[in-house]
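Proteins come first, then strands; the chains are lettered A, B, ... in the order of their sequence lines, and each starts at number 1.
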Amino acid sequence: MPAICFIFLPIKYYYVRTHDEGVAVNKLNKFPKMLTRMRDGFLLNIGFAVLSIAIFLVIWYGLSIFLDTAYLPTPVEVWDALVDSFNTPDPSLGVTMWDSIMASLKRFVIGFVLALAIAVPIGLIMGFSKFAGMIGKPIVEVFRPIPPIAWVPFLFVVTGMIWGPILAIFIGVLFPVLSNVIFGVKSVEPQLIDAARTQGASKSDLFAKVVFPYTIPYMMTGIRIGLGIGWMCIVAAEMIGARGGGVGIYILTQANIGRYDYMFAGMVVIAALGLLTVEAASYVERRVSKWMGA
Amino acid sequence: MNRSVLITIIVAVLLIGAGGAYVLLSSDDDGENKTYDVRVGYLAGDLHQVARVVASDDDVNGGESLFKENGLNISTPFAAGYANGGSVMDAFAADDIDIGFLGSPPAILKSLNLKIDIIIVAMVNSEGSSVVVKDGIDNFTDLKGKTIATPGVSSIQHLFLLELAAANGMNVKLDGTDGDDDTVFYVQVAPKDMQAAMDTNQVQAAIAWEPYGSQMILSGAGELLLWSGDVWPDHPCCVIAVSRSFAETNPDTVEMFLKAFIQANEMIDGAFDAGSGETYDRIITLATEFSGTNETVVLSSMEHMDLDYQIGDNFETYLEDYTQSYIDLGLIPGSKLADRDYANVTEYVEDLVQVQYLEAVD
């Protein structure tokens, strides 16, 4: 509803005023100005987002009524299941959705931090040093196209139910960050390096004061992409096996016992978590870009 | 009329005529050789369902499989086999299969929770699940504080674990969550991965269907604690489920299917009674290939499960118990019975189990 107001109120305002002969010209001109401000503004974006979700929900509701199957519960049923999942321990798992989220988040954070800790220095070295790049590139190129999910059964057997899902996230985040950092280092403008060199910058100065800062926006892009992939990996990895539950296990269990309203509730949670983390990364990326003067 | 157009029309007429003649001549709808199409779903590598494998094989029956011999053209939409009974039920819901082999608990869970309209027409096996433990665990109460792998909440093995825990004054919690001194923790692991989980000490016990129980025991990954039959004598495990609409519109086909299935069971019984011979060897080969194990594991598995198609006196009682347990555990909301117009669990099971097809052929 708020979205509809955002879109249609200005139009209504414009329509009424332009059909009122007594209206002052300056008032008539208000609409384009207001629209321009809104178009560029946050509110319009929010409005369209809400409108888009509203349209999706209406289509979903219509489909579930039309198909009339327990496999596609209505948005209302899913909402009820979602609320219940946070308040009541699941009868099959004995945990609430909060517990599942915390279990998944812990894995996600560990896998993500590990990936950053390895991808950033390696990416910087591979981008900065020709020798390291020549040695490392073939390995990266061989492993990069392998979907992280393909590693999951192997990781489960070799590293167990604690590290298996974490390493699946690690792989999912590693390659986007690594590739972007390498690309970032290689994209440093030669004039910048030359300018720093002519001013007497040492190799370490060059690396710390020119190359690394220049790479940060690229790294942020890699992080944003990696975060999205990481959430896909965690669900798949948890479905193979994970200690301590998680949203992936929650979804799989509900599907197995045929409680599809609760299964969709788990999917909504994953979508929300993914959206939140990716949006947070985008925000940081924008701030960093601004700070870097981009 | 343009000459080339005329030639095109003549060629087209000839082609259509030839095609029509081919269809008519190759049609098997001539009474005697008529075949009936059946789409079948089953679990991957589950040795409980070995009779289906035997009934599908040409070689074991002298060149024509038992299914073909009974006028059935069997297709398997997912030839690799479904991961669990829940997936077989999903295949019913998607109208991918007409007949499915699966555990009775997932059949109950999804038929009620998702209103998937199936009937159970025969048993496939009774018993045949085992609790395998690491060295040093001598009885079930030794599992307090330890982790046991199960195939999943919807499996009969998980239900068996819950019943065992309750009988021993223990409770079952998800591994990695808080428990008390009487808690045994569970984690969901696919049966094929249980041996690896035991070998790497990620779990201290596992509960699986055959051949995975025997495989863990014979490989030394664990020791047998108990068979499901020790606690639930003659309990039904896998069953043959049929889409209700398919059974109602094709009763003869269902009966033909059951006839072939019974013949396969009899063939297996005869071969194992003989203990050797061509049929015996072929059945062992089929079982090892289907389950991905070796002969020793297959022989051990066959010893510990009862391939029995008959619906005995206690069959419905067990199914009622399973259903009631799921309702008590909250896995099936109590309202689901009323949603399907059943007054109680007994009425539901009576409607679920339809013995007339088996009676017609047995």
Side-chain angles (χ1 to χ4, degrees), chain A residues 67-73 77 80-81 84-85 88-96 98-100 102-104 106-107 152-166 237-246 248-263, chain B residues 83-87 89-90 93-94 105-116 147 149-155 158-159 162 171-179 183 185-190 192-197 199-203 326-333 336 339-340:
Chain A
L67 295 174
D68 189 25
T69 163
Y71 280 87
L72 186 62
E77 287 168 329
D80 288 344
D84 186 50
S85 70
T88 318
D90 180 71
S92 49
L93 296 170
V95 294
T96 64
W98 288 118
D99 301 317
S100 299
M102 288 314 293
S104 291
K106 271 184 209 166
R107 277 182 207 116
V152 171
F154 167 76
L155 293 173
F156 168 74
V157 173
V158 174
T159 62
M161 282 178 283
I162 293 177
W163 282 100
I166 291 172
E238 285 178 354
M239 283 179 171
I240 300 281
R243 178 155 285 161
I249 291 179
Y250 185 91
I251 292 170
L252 179 69
T253 304
Q254 303 310 323
N256 279 344
I257 62 177
R259 300 204 318 169
Y260 274 62
D261 42 356
Y262 286 82
M263 185 198 79
Chain B
N84 52 47
S87 301
M89 289 299 286
D90 291 340
I108 291 167
L109 266 172
K110 284 210 164 173
S111 79
L112 275 176
N113 277 346
L114 291 171
K115 295 184 185 176
I116 301 172
T147 303
T150 85
V153 175
S154 66
S155 65
H158 194 88
L159 187 61
L162 296 174
N171 59 76
V172 181
K173 288 271 177 73
L174 182 67
D175 186 34
T177 59
D178 295 333
T183 301
F185 297 97
Y186 83 89
V187 64
Q188 181 173 330
V189 180
K192 66 178 175 55
D193 296 325
M194 284 182 183
Q195 188 179 329
D199 282 337
T200 51
N201 205 32
Q202 294 176 58
V203 297
Y326 282 137
I327 291 171
D328 294 343
L329 289 164
L331 300 188
I332 297 175
K336 293 286 181 183
D339 288 350
R340 296 281 305 273

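- Heavy atoms of A255(A) lying under 4.5 Å from chain B belong exclusively to its backbone.
- How far CH2 of W163(A) is from CD of Q202(B): 13.5 Å, rounded to the nearest 0.5 Å.
- Atom CD1 of I257(A) sits about 14.0 Å away from atom CD1 of I108(B), to the nearest 0.5 Å.
- Proximity to chain A involves both the backbone and the side chain of D90(B), based on heavy atoms less than 4.5 angstrom apart.
- Atom NZ of residue K115(B) and atom CG of residue D68(A) lie 7.0 Å apart, to the nearest 0.5 angstrom.
- Closest approach of P91(A) and G330(B) over heavy atoms only: CG-O, 3.5 Å.
- Pairing each heavy atom of Y260(A) with each of K110(B), the nearest pair is OH-NZ, 3.8 Å.
- Residue N201(B) qualifies as enclosed at atom CG: its count of foreign heavy atoms under 6.0 Å is above 12.
- Per-residue counts of heavy-atom pairs under 4.5 Å with chain A were compared for V153(B), L114(B), L174(B); the largest is that of L114(B).
- Using a 4.5 Å cut-off between heavy atoms, N256(A) touches chain B through backbone and side chain atoms alike.
- Of the listed residues (T147(B), D175(B), L112(B), N113(B)), the greatest number of heavy-atom pairs within a distance under 4.5 Å of chain A belongs to D175(B).
- In this structure, the portion of L329(B) lying under 4.5 Å from any heavy atom of chain A is its backbone and not its side chain.
- In this structure, the portion of I116(B) lying under 4.5 Å from any heavy atom of chain A is its side chain and not its backbone.
- Taken to the nearest 0.5 Å, the OG atom of S92(A) stands 6.0 Å off from the OH atom of Y186(B).
- Between L331(B) and R259(A), the closest heavy-atom pair is O-CD, 4.0 Å.
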